[in-house]
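Everything numeric here is computed off the predicted structure, so don't read it as measured data.
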Amino acid sequence: MELKVWERKGYTVEMVEYDYDLKAFEVVQGDKVQTIYPATIEDMEQIIIDLDNGEDVDGWEDGLGNTIVIE
């Protein structure tokens, strides 16, 4: 799977290697990086669909019990 980058106003979301076929998503705002860790391939695929459809990640869960905050 090709790693992708999604551009949003004030931040980017970068797909990164994580656990074999399972990819993580780094939310980058300047020097601040928050990472979303999907639990399953299905979760990862849904995140890709949502990002491709232009969704904002503000308020999303990161998979570790934290909330993504876009400033």
Side-chain angles (χ1 to χ4, degrees):
M1 173 179 287
E2 179 181 339
L3 300 179
K4 298 175 72 173
V5 175
W6 294 267
E7 300 281 337
R8 297 290 187 266
K9 185 174 183 177
Y11 68 96
T12 61
V13 180
E14 302 173 12
M15 183 189 299
V16 295
E17 296 293 339
Y18 172 46
D19 186 18
Y20 298 97
D21 289 339
L22 192 61
K23 309 301 184 213
F25 301 86
E26 291 185 345
V27 181
V28 181
Q29 302 174 80
D31 293 340
K32 182 178 176 185
V33 178
Q34 302 170 86
T35 305
I36 300 170
Y37 298 98
T40 65
I41 295 292
E42 292 78 16
D43 290 347
M44 177 190 74
E45 291 170 344
Q46 186 60 54
I47 290 170
I48 292 168
I49 290 168
D50 292 344
L51 290 169
D52 283 346
N53 287 330
E55 290 202 27
D56 186 358
V57 301
D58 191 32
W60 286 18
E61 296 296 320
D62 70 357
L64 302 176
N66 304 303
T67 302
I68 301 296
V69 177
I70 304 299
E71 298 173 358

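Identified under the salt bridge (charged side-chain N to carboxylate O under 4.0 Å, His left out) test for residues 6-31, with sequence neighbours left out: E17-K23. Residue pairs meeting the salt bridge (charged side-chain N to carboxylate O under 4.0 Å, His left out) criterion with at least one member in residues 33-44, sequence neighbours excluded, do not occur. Contacts classified as salt bridge (charged side-chain N to carboxylate O under 4.0 Å, His left out) and involving residues 45-57 (residues at least two apart or in different chains) are given here: K4-D52. Residue pairs meeting the ring-ring contact (aromatic ring centres under 6.0 Å, His included) criterion with at least one partner in residues 37-71, sequence neighbours excluded, are Y18-Y37.
Residues I36 and P38 share a closest heavy-atom pair of O-CD, 3.4 Å.
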Stepwise side-chain contact (heavy atoms from CB on, under 4.5 Å) test for V27 and I70: CA-CA 9 Å; V27 181; I70 304 299; 3.7 Å; yes

CA sep, side-chain torsions, deciding dist, call: I41, Y20, side-chain contact (heavy atoms from CB on, under 4.5 Å): CA-CA 10 Å; I41 295 292; Y20 298 97; over 6 Å; no

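For the atom pair OG1 (T12) and CZ (F25), the distance works out to 13.0 Å, reported to the nearest 0.5 Å. Rounding to the nearest 0.5 Å places CD1 of I68 at 7.5 Å from OG1 of T35. Summarising the geometry, atom CE belonging to M15 is positioned 5.5 Å from atom CE belonging to M1; distances are rounded to the nearest 0.5 Å. Taking CG from D58 and OH from Y11, the interatomic distance works out to 7.0 Å, rounded to the nearest 0.5 Å.
One hydrophobic cluster, built from ILVMFWY side chains closer than 4.5 Å, holds both M44 and L64. Note on L22: it does not cluster hydrophobically with V5, by side-chain heavy-atom contacts below 4.5 Å among ILVMFWY residues. I49 is not connected to V57 by any chain of hydrophobic side-chain contacts under 4.5 Å among Ile, Leu, Val, Met, Phe, Trp and Tyr, and they are in different clusters.
Judged by distance alone, the side chain of Q34 and the main-chain N or O of V69 form a donor-acceptor pair under 3.5 Å.
Using a 4.5 Å cut-off between side-chain heavy atoms of Ile, Leu, Val, Met, Phe, Trp and Tyr, V28 falls into a hydrophobic cluster with V33.
In this structure T67 satisfies the side-chain contact (heavy atoms from CB on, under 4.5 Å) test together with E61, sequence neighbours excluded.
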